[in-house]
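Fair warning: this is a prediction, and the values are worked out from it, not measured in the lab. We number each residue from 1, following the sequence as shown.
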Amino acid sequence: MNIAKNTPRFDLDYKIPVVEREQINGSHHDIPLDPTDSKFNEPMVDLSDYNIAFKSYHAILDGSNPPYYKPIRGSRQQGLLRKTVAEKLVRVNEHLRPYGAELLILDAYRSIECQQGLWEFFYERGRSEMRNPSEDDCRQYALNYVRDPRSFNPLDTRTFPIHITGSSVDVTLKRLDSDELLDMGSAFEEIIDVSYTDYFERLRLKGLIGEDDIRLLNRRLMDWAFTNEGFLNDPILYWHYDWGNQLWIKVKKALHEHAPEKAWYGHVESPDWDVPDAATLV
């Protein structure tokens, strides 16, 4: 897929909030769940039934998914999310449509097996990049990229990787009239300073880029569309949005003060998949 040179249209009066890092420090894992909420046991649905574009980044077979360059063990090519979350994404696309853009979901529900596959990848990459690393060195390296799934307990909310809730998405934008991706300023899974959502807003405030910078405009467009439907962004990753889970509660409390005390989406069991583990296809 190619990167589009221009956003099809942009005339929004919207800016991404600049977030100080200390505002979002701390863990979301101690936030409790509310099993009495009607959405607690909400089923998952297939995004293909909602006409939402999905390409499982971790299940790509042709090696075009850096830094992995291969399918991750446990990854699948089917995109699943909680029903209400999928319905909200339909409305996000409705917000984007007048601007000639639409969502491309790159990761949705992630099984614990896929989480383990990602952990193994970064753990081993740390081992190969460091000189004589200890096991703790490898663990700390991997934690820069992914939650450690080795202590996962489906009965302990403190151990839940966030994508296992079916209420998180990793996403980018593409043009409606082609498969060209909009330029978001950095690649998906490229976890560096530029991956902070407000990175280009900060450059604008310093006078280092103009108001017409396409990377700034595209990030604004995506954030505007998502926040219109109640989603909240993880400010350290421009591509990650949540609704109704522990991380959503944490960000809502940190940046918007008023938030429910409990989340309603927790761990959901991996459903019967229609396709095999992508790593078995190569």
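- Salt bridge K83/E87: present, at least one basic N to carboxylate O contact under 4.0 Å.
- R82 places a side-chain N or O within 3.5 Å of a backbone atom of E42 that can act as its donor or acceptor partner.
- A side-chain hydrogen bond (donor to acceptor under 3.5 Å, both in side chains) with N233 is found for exactly one of T227, T197, D198, namely T197.
- For K70, the NZ atom sits in a loose shell: 12 or fewer heavy atoms of surrounding residues, nucleotides or ligands are nearer than 6.0 Å.
- Between H58 and F188, the ring planes lie tilted relative to each other; the angle falls in the 30° to 60° range.
- Legend: residues meeting ring pair (Phe, Tyr, Trp, His ring centres under 6.0 Å) with F54, ordered by chain and number and at least two apart, are absent.
- Looking at residues two or more places apart in sequence or on another chain, you find a ring pair (Phe, Tyr, Trp, His ring centres under 6.0 Å) between H95 and W224.
- No donor-acceptor contact under 3.5 angstrom links the side chains of Y145 and E189, judged on distance only.
- S178 contributes no side-chain N or O that, together with a main-chain N or O of R175, makes up a donor-acceptor pair within less than 3.5 Å.
- Partner of E201 under the side-chain hydrogen bond (donor to acceptor under 3.5 Å, both in side chains) criterion, chosen from R219, R220, K15: R220.
- Panel note: side chain W239, backbone A187; no donor-acceptor pair is recorded below 3.5 Å.
- In this structure, H28 NE2 and D242 CG are separated by 8.0 Å, a value rounded to the nearest 0.5 Å.
- At a threshold of 4.0 Å, the pair E229-R91 counts as salt-bridged, since one of the basic side-chain nitrogens sits closer than that to a carboxylate oxygen.
- No side-chain donor-acceptor contact under 3.5 Å links D136 and S134.
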Q: Please assess I72 against F121 for the test side-chain contact (heavy atoms from CB on, under 4.5 Å), listing each intermediate value before the final yes or no.
A: CA-CA 8 Å; I72 293 295; F121 174 86; 4.3 Å; yes
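- Classified by interplanar angle (parallel below 30°, tilted 30° to 60°, perpendicular above 60°), the ring pair Y241/F226 is parallel.
- The line from CE of M44 to OG of S167 is 10.0 Å long, rounded to the nearest 0.5 Å.
- Aromatic pair H163/H240: ring centres closer than 6.0 Å.
- Between E120 and R127, none of the side-chain N atoms (NZ, or NE/NH1/NH2) sits under 4.0 Å from a carboxylate O, so this pair counts as no salt bridge.
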